[in-house]
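I have placed the structure first, in the form of structure tokens, so that the comments after it can refer back to it.
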2 protein chains.
Amino acid sequence: MTRPTPIRVVLADDERMVRTALRAILSAEPDLEVVGEAATGAEAVSVVRDLRPDVVLMDVRMPEIDGIRATEQILATLDEPPRIVVVTTFENDSYVYDALRAGAAGFLLKRADADALVQTVRLVARSDSLLFPAAVRTLATEHARAHPAPPAWVAKLTGREREVLRHMAEGLTNAEIARRMEVGPATVKSHVAAVLAKTGTRDRTQAVIAAYEAGFLNAG
Amino acid sequence: MTRPTPIRVVLADDERMVRTALRAILSAEPDLEVVGEAATGAEAVSVVRDLRPDVVLMDVRMPEIDGIRATEQILATLDEPPRIVVVTTFENDSYVYDALRAGAAGFLLKRADADALVQTVRLVARSDSLLFPAAVRTLATEHARAHPAPPAWVAKLTGREREVLRHMAEGLTNAEIARRMEVGPATVKSHVAAVLAKTGTRDRTQAVIAAYEAGFLNAG
DNA sequence: TCGCCTCTCCCCCGTCCGGCGGAGGCGGAT
DNA sequence: ATCCGCCTCCGCCGGACGGGGGAGAGGCGA
């Protein structure tokens, strides 16, 4: 079952030792061949463009251009792009979702052992990337929409103002919020006014919309 | 590279012809063995429980219990559950998201050819299900939260009322909505009143919240 | 043809809301 | 010791909002 032509791999990681270790592991397999290395995202793009490998092992954290952007650029500019395996530390890292959206074919945890590494490379090289690319891409895009980078105003809200905004987002009136928080209605009015000012909205409805759009209700 | 023990497969599909076709394809491979069949979801659960296969090909549409629920039950009740491949028609079928959440290991399109079928079975049998199970499960769960079953009131809104609700959800006042829709302010008030009545809310803020919670803004 | 629904618009009225300016207390930072 | 930010509260005002009622025009199916 030895492949006539080996799977050609490019390594992109800013740490030389990591690249060396990966190369050692992959080179031990007769069907895998490390054809190039890159220490930055930009370098990765050009190396891949030149060498046209089958698989790229792409670290997420790299100087100049991170692994996600490099992935995007490679997939966007090349006609028959390689499968890109994103190397990350945690499976639930937010990078994972960005990478999925960018079109990564697979993932590898940094704590993965040599066997998992080799298996993953073989897997993505042979399979049609994901088992269900479109669905997962859709999910990742939705995830990005549901968790946008929190706008600046979120950090500027005081604790009390956050509470008030949450209650506003439950559809409560000022008087009801006052009862819930055990303060006077005038106090709530003050907080509401502060929230409107800081969110740049003109009424409670717009403030609640902003809260939803910002994902304010899910996050802290 | 022939496996010492073949991959044991169970087929779950309510159409006999489909099962027969699948069996014919899979049986041609020396490393695959079809050990059982099921025509309903309930049957699938019990057959899998008895035969303990490595892989289950699970149709989504089945009598009694659909493939999704059967998948859930199998994964919830068995200690070392098989990899479950959900068979669906469209890659962006809503079933896909349900199946992901239920813990399916892979997908197969009904129009897939024999080679893809065999490859997929081998893939899920050998790989650790998904390349990134936790992340995708998270995504699928989020998807379910973002797209809940639309409440009854959505269907009851007239076309004009939907328009008004959308504009309310943009943070517009009645007067602004009136200008946008080129009608009188009184007309908008009527529509708003109708929306509040049908949504069971008491003010525009609560109506907008209901619209967000219902996913009204994404859907039709 | 007769209802029924939808869309359009009108009135009045009480309430809630948001904008304005102000003020006192309290605690942390410098 | 002083200043600044936060929380608490006050009054006043105009406008927006929501509730209640009503009514005419047009469409569409029973």
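Numbers restart at 1 for each chain; the letters A, B, ... are given by sequence-line order, proteins then strands.
Atom CE of A/M168 is separated from atom C1' of C/dC17 by 12 Å (rounded to the nearest Å). Atom pair B/N174:CG and C/dC17:C1' shows a separation of 14 Å (rounding to whole Å applied). Computed from coordinates, the A/D203 CG to D/dG14 C1' distance equals 16 Å when rounded to whole Å. B/I177 places its CD1 atom 13 Å from the P atom of C/dT8, with the value rounded to the nearest Å. Across the protein-nucleic acid pair, B/R204 atom CZ and D/dG15 atom C1' stand 13 Å apart, rounded to whole Å. Between A/Q206 atom CD and D/dA16 atom P the separation is 14 Å, expressed in whole Å. Look at CD on A/E176: it is 10 Å from P on C/dC16, rounded to the nearest Å. Rounded to whole Å, atom P of D/dC9 lies 9 Å from atom CZ of A/R160.
Regarding contacts with the backbone of C/dC9, every side-chain N or O of B/H191 stays at 4.0 angstrom or more from both OP1 and OP2. Between A/T158 and D/dC7 there is a side-chain N or O to OP1 or OP2 distance below 4.0 Å. Put simply, A/R202 has no side-chain N or O that comes within less than 4.0 Å of OP1 or OP2 on C/dG18. Here B/T187 reaches the OP1 or OP2 of C/dC9: one of its side-chain N or O atoms lies under 4.0 Å away.
Looking only at side-chain heavy atoms (C-beta outward), A/T205 and B/M168 stay at 4.5 Å or farther from each other.
Under a 3.5 Å cut-off, the side chain of A/S46 and the backbone N or O of A/E43 do form a donor-acceptor pair.
Taking each heavy atom of A/L51 and A/V10 in turn, the nearest pair found is CD1-CG2, 4.3 Å. Minimum interatomic distance between A/T199 and A/A207 (heavy atoms only, all atoms of both residues): OG1-CB, 4.5 Å.
Cation-pi contact between B/R162 and B/F216: absent, since separation from the ring centre below 6.0 Å together with deviation from the ring axis within 45° is not met.
Listed nucleotides: C/dG18, D/dG18, D/dC9. Nearest to the side chain of A/V183: D/dC9.
Within 4.0 Å (heavy atoms only), A/A186 reaches at least one base atom of the nucleic acid.
One donor-acceptor pair, N or O on each side, does fall under 3.5 Å between the base of C/dG19 and the side chain of A/K189. Scanning atom types as modelled, one donor and one acceptor separated by under 3.5 angstrom connect the side chain of A/S190 and the base of D/dC9.
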